[in-house]
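Residue numbers start from 1 in every chain, and the chains themselves are labelled A, B, ... in the order their sequence lines are given, proteins ahead of strands.
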2 protein chains.
Amino acid sequence: MKLPFVQPKMMGEMIRQQIRAALYRDSVSTKAELAQKTGISFPTISKTLDEMNDQGEVVLTGLGVSSGGRRPKQYRLNPDHMAGLAVGLEKDYSSYALLNYVGEVIGREKLPGVLHDGPERLTEQIGTFVKRYPHLRALTLGVPGAVNNGRVFFILDYDKFQNFDFKAFYQERFSLRVQVENDMNATVLGYHDRSGDEHDRSLVYLYLGQNGPGAGIMVNGDVVRGSSFFSGEVSFLPLYDSRNFLQAVQDRASAQNGTESRLRLIDAMSRLVAVFTATLNPHTVIFCSTDMTEHDMTDVRQGSASYVPADNLPSLIVRDWEEDYFHGLNQLTIKTMLGTGID
Amino acid sequence: MKLPFVQPKMMGEMIRQQIRAALYRDSVSTKAELAQKTGISFPTISKTLDEMNDQGEVVLTGLGVSSGGRRPKQYRLNPDHMAGLAVGLEKDYSSYALLNYVGEVIGREKLPGVLHDGPERLTEQIGTFVKRYPHLRALTLGVPGAVNNGRVFFILDYDKFQNFDFKAFYQERFSLRVQVENDMNATVLGYHDRSGDEHDRSLVYLYLGQNGPGAGIMVNGDVVRGSSFFSGEVSFLPLYDSRNFLQAVQDRASAQNGTESRLRLIDAMSRLVAVFTATLNPHTVIFCSTDMTEHDMTDVRQGSASYVPADNLPSLIVRDWEEDYFHGLNQLTIKTMLGTGID
DNA sequence: CCAACTTATTAAAGTTCTTTAATTACTTTC
DNA sequence: GAAAGTAATTAAAGAACTTTAATAAGTTGG
């Protein structure tokens, strides 16, 4: 039976996590502020923070402004305490972002894609980072495939990675905390974090990629993975008498002209929005700037309103997919470093 | 900032909740068993349980079997410690179930429907129970409408209850812990509890009611309410060139014959299943025995497989809607009594 | 530049849990 | 039916947090 509440033995670690999370959010804090923000008593914060200081996890940055009395010491996370690597695996390139302990990107590199070559090439690439940065501790991988607990479950076209257990392999090989996430899931997480919206939102992030459309779905603040890791495969949605979403998007080619083609795309998108509204009723549906424009949104909104009552429609927005994706990967990496992630 | 872990002051209450939950699950336990099951130390369990015994919350039922030494005392929840009332508000009737503290139904009544009459009639009906059962402490109401935190947000056809704040009203009036839930949400919760499946399942419970179809949706173990409490309004799904789900289900009337009519229904249902598979990829989709038969499931499954890969289809099952609904309401009531519910 | 004041930090006392040890109450066996 | 064994309780000691009090370190104003 799992325990829904913290036992005294885990208290210490929980307190550290709270402190880390608060220091990550607000960069620099005094002990009194941390106590106030976390709800933990001052003496406990003081003791724990002193330990963290001794161990080099936090550093003293100076004194705060006085409001009439003694000036308080200010602490922040030590940027050099740990580093993390966020990797986006795409067909044509691998994107690497090196992060320090305060979440800053201290290095960014695009290396050749490895999906066709296989795990060996990826290991080489990661290996160079491991050598260069001795305090690398966290690794996050984003992959265009279905992932179950660090193992690639199903990945189209890249046989070499089919069923590859990234997590077990790199955890063992480089002693890192490894995390693997599907690309669209990482993207929706990234958007969610950047949006600054409330925590328990429901979101749908749609992308008409090269390998067919896919969606990242978040419900009540949780990523939806599905019973067979098939969630978000919107290609298959039967939206017309004899065409599904993918076909509707592709068959535009057969249209008389550009206007006709655009109208068909708009209608397919409108129906997609209607489908999500009539099922999950999410707060927001996000499109990629490579697929749609701000201007299209007006038409999609109008189109959707012909299928479901307009009051219930989500807000429709257009975003840069790569930005949200990489931010999501970075965010996952930071959470792993701070110990506030999944495990 | 909300606290993700239990502070020492709440520890006592958390421990009691753990004990209650364990005693509810297994009916009768010894102190040693409770310590083992909850992971809480024996002395703490012993002390807390003794207090609960003094306060009449638990009772000693006798001694367990010996395994060679002293026989252990066995405790169980005191059935008479508290009572709860689960109410299902339907058009034609109000269903009342009176529950004792161990979750047994100790009284069931069907009274005339009140939705057309208004809150006064409902208050009268509830009032009689409050008078009859002095230790009534919890009240759960199931309503066919959108609910936000105890207030009816949107309810079709029953103007008298539009925007009625059940929770505030009955909490104040009868000093009860009140909870209000949408009927389909309660149903999916009820099924989930009865199924004994793992906790974090994704489920869709479909019902073609008199007031049009509706679905209760659960994702990762949480009920999905939606940004404007519109989730599950599957009527509006645009599944055909010029018909939505509701129209597809209703237009069967225009079919040549019964076979044709049935085929259309099966196809609409298959598409619906495909929609959920390609979005949420749930573990199970549940149909009502009033709408579909076991035999239909074979056809629906086959139909869905023509839209999405069969491997990803949920299991399709047929259930008695009322049973799951009432069980869900009871379950919500019991959770409220035991303090393991939402607030 | 020192007295009065303000605020940070440290120390002590109080809770509440866990762990470990001691005691008690039965069972079993001869 | 008493001695030996076994498991349930109870008691004592230890750990970790909170609350409250005491002390230290600055600031400010005359």
A correct 5'-to-3' footprint of nucleotides 9-21 of chain D, with B, S and - meaning base, sugar-phosphate only and no protein heavy atom under 4.0 Å, is SBB-----SBB--

Taking atom types as modelled, find out whether A/Lys31 and A/Ser46 have a side-chain donor-acceptor pair closer than 3.5 angstrom.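 There is such a pair (donor and acceptor under 3.5 Å, judged by atom type) between the side chains of A/Lys31 and A/Ser46.
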
B/Thr336 versus B/Gln179, side-chain donor and acceptor atoms under 3.5 Å: yes

Give me the ring orientation class for A/Tyr205 and A/Tyr191: parallel if the planes are under 30° apart, tilted from 30 to 60°, perpendicular past 60°.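 It falls in the perpendicular class, over 60°.
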
Roughly how far apart are B/Glu57 CD and B/Leu77 CG, rounded to 0.5 Å?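 Separation between the atoms: 7.0 Å.
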
Report the distance from atom OG of A/Ser231 to atom CG of B/Leu280, rounding to the nearest 0.5 Å.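 Going from OG on A/Ser231 over to CG on B/Leu280, the span is 7.5 Å.
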
Distance, rounded to the nearest Å, where B/Gln36 contributes CD and C/dT18 contributes P: 15 Å

Roughly, in whole Å, what's the span from CD1 in B/Ile19 to P in C/dC17? 10 Å

Helical bend (five base pairs per end, nearest 10°) for the helix from C/dC1-D/dG30 to C/dC30-D/dG1: 10°

Checking the side chain of B/Thr30 only, and the main-chain atoms of B/Pro72 only, is there a donor and an acceptor separated by less than 3.5 Å? no

Under the 3.5 angstrom rule, does the side chain of B/Thr44 hit a backbone N or O of B/Ile40 as a donor-acceptor pair?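 It does not hold such a pair.
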
Name the residue from B/Met52, B/His81, B/Arg20 that meets the side-chain contact (heavy atoms from CB on, under 4.5 Å) definition with B/Val58. B/Met52

